[in-house]
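Atoms within each ligand, like the ligands themselves, are counted from 1 in listed order.
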Amino acid sequence: MGPGPSRVPNRVLRALSAPTIGHLDPQFVELLDDTCLKLRQVFRTENPLTFPVSATGMAGMECVVSNLLEAGDQAIVCVNGLFGGRMVEVMERHGIVVHRLDAKWGSSFTEDEVADVVHRHPRAKALAMVHAETSTGAHQPLAAISKMLHEEGMLFIVDAVTSLGGHPVEVDEWHIDAVYSATQKCLSCPPGLAPVSFSPAAVEVIERRKRPVDNWYFDVGMLKNYYEGRSTRAYHHTPPVNMIFALNEALAIILEEGLEARFERHAHMHKRLRAGLEEIGLEYVPDQSLHSMNCVWIPEGVDDAKVRSRMLDTYGIEIGGGLAEMAGKVWRIGLMGHSATQANVDLVLAALVDCLE
Ligand SMILES: *Cc1c(COP(=O)(O)O)cnc(C)c1O
């Protein structure tokens, strides 16, 4: 019940342990196509270029940034926590000129704040935002901002690592141009893959690049041949075959539950947890909290490390500590995917009461 990995259902673990087959085996290719189809359903998109990058969430960030943008391009990044800051670092390593819009950690951006920065940097090619800032638990509404960006002719990049599978991520309806996620948060699959999706507009921008993508592994121009290929699939790298088995099963479980029912379950468990935490005097950090990540201030005089190790040793429950400027100041309780159950919420509350005492 920390910031991920979340609990992995036994069905997914069993799928992971199925016999490894070749990445060009017709059975595997069929399963891969089906996995990409299911990913489109979970991302709620028709984007043909939707697939799992063979590495963790950070690789999704690197893939999106390095394909959509090139050295010398300008981009705006909204930073209200650790992961927004990482997006700046990744872009700068690719030679992209970054205009930062900073906000207090724990706050969300308003439409006016974003409109203002967009008008100040009209030549920026893209604006990037974190939908679910795992370091602070802040939820960022996207729909209105996206509309405004497209009126200005800017591409929209979204980090949906901690929202996909727990909160609605409406890639088509919100006109998101490039989005990435990870398997170990609300998808409840082990860490190791980064689902990504690119809009047709994004694909056009990539095809019109002046220079080739400045890394080889994440170049979607080449990856497309394998992931979208029908009769001829060119070898690019060997995808982690068993992880694709696992992701396919994790997505099947999500679609069996139904996206709406799943979002409702996350909302309901968040409400229950929040009521319990507030009853024992713990205050939420963000103004607009996620359901999948619950970030609270540690009460004064309480030893962060002692509480967390007692939670783990006595109850077998992992909760997260703070990152960077929030280290030692906050706890982060994840309600992600398979972990978001009433039994877990009630146990984590009871355990916290005991550990605080
Ligand atoms: C976890 C996380 C990442 C990075 O994912 P890894 O799988 O750890 O590489 C990126 N962005 C956000 C918002 C995250 O929560």
Side-chain angles (χ1 to χ4, degrees), residues 1-8 12 39 43 51-66 77-91 93 103 105-109 128-142 156-169 171 176 178-197 215 217-218 240 243-244 246-247 250 266 285-286 288-295 318-327 330-337 339-340:
M1 301 187 78
S6 58
R7 277 192 61 196
V8 178
V12 175
L39 270 181
F43 271 129
F51 67 95
V53 171
S54 302
T56 70
M58 284 307 301
M61 187 190 289
E62 189 105 36
C63 177
V64 160
V65 164
S66 64
V77 181
C78 302
V79 183
N80 59 348
L82 183 97
F83 290 101
R86 284 216 176 158
M87 195 114 65
V88 173
E89 281 176 39
V90 170
M91 285 189 186
R93 291 216 182 185
W105 279 38
S107 64
S108 304
F109 294 93
M129 276 192 140
V130 179
H131 186 204
E133 183 46 85
T134 320
S135 62
T136 67
H139 176 255
Q140 177 63 53
L142 301 175
F156 194 25
I157 297 174
V158 171
D159 176 320
V161 174
T162 291
S163 50
L164 190 69
H167 283 265
V169 178
V171 171
I176 296 170
V179 58
Y180 57 90
S181 190
T183 41
Q184 77 274 22
K185 310 231 173 156
C186 299
L187 302 181
S188 285
C189 184
L193 291 172
V196 295
S197 186
N215 63 75
Y217 198 77
F218 300 127
M243 272 304 294
I244 305 280
L247 176 59
H266 280 80
V285 172
Q288 295 183 56
S289 179
L290 291 163
H291 301 152
S292 50
M293 174 47 64
N294 295 261
C295 187
E318 179 199 50
I319 63 169
L323 293 171
E325 67 179 65
M326 290 204 163
V330 301
W331 286 320
R332 293 180 303 144
I333 304 173
L335 288 174
M336 299 183 181
S339 299

Ignoring hydrogens and geometry, is there a side-chain-to-backbone donor-acceptor pair from Gln184 to Gly192 under 3.5 Å? no
In Å and rounded to the nearest 0.5 Å, what is the OG to CG distance from Ser181 to Asp159? 7.5 Å
Distance alone, cut at 3.5 Å: any donor-acceptor contact between the side chains of Asn80 and Ser107? no
For Thr134, the option from Pro3, Cys295, Ser163 that meets side chain to side chain contact (heavy atoms under 4.5 Å, CB included): Pro3
For the residue pair His139 and His167, does the interplanar ring angle fall in the parallel (under 30°), tilted (30 to 60°) or perpendicular (over 60°) class? parallel
Short side-chain to backbone donor-acceptor contact, Ser339 and Arg7, under 3.5 Å: yes
Per-pair distances, ligand 1 N/O vs protein N/O, less than 3.5 Å:
{"from": "ligand 1", "atom 1": "7 (O)", "to": "Gly57", "atom 2": "N", "distance (Å)": "2.9"}
{"from": "ligand 1", "atom 1": "7 (O)", "to": "Gln184", "atom 2": "NE2", "distance (Å)": "2.7"}
{"from": "ligand 1", "atom 1": "9 (O)", "to": "Thr56", "atom 2": "OG1", "distance (Å)": "2.7"}
{"from": "ligand 1", "atom 1": "9 (O)", "to": "Gly57", "atom 2": "N", "distance (Å)": "3.3"}
{"from": "ligand 1", "atom 1": "9 (O)", "to": "Met58", "atom 2": "N", "distance (Å)": "2.8"}
{"from": "ligand 1", "atom 1": "11 (N)", "to": "Asp159", "atom 2": "OD2", "distance (Å)": "2.7"}
{"from": "ligand 1", "atom 1": "15 (O)", "to": "Thr134", "atom 2": "OG1", "distance (Å)": "2.3"}
{"from": "ligand 1", "atom 1": "15 (O)", "to": "Thr162", "atom 2": "OG1", "distance (Å)": "3.1"}
{"from": "ligand 1", "atom 1": "15 (O)", "to": "Lys185", "atom 2": "NZ", "distance (Å)": "2.7"}

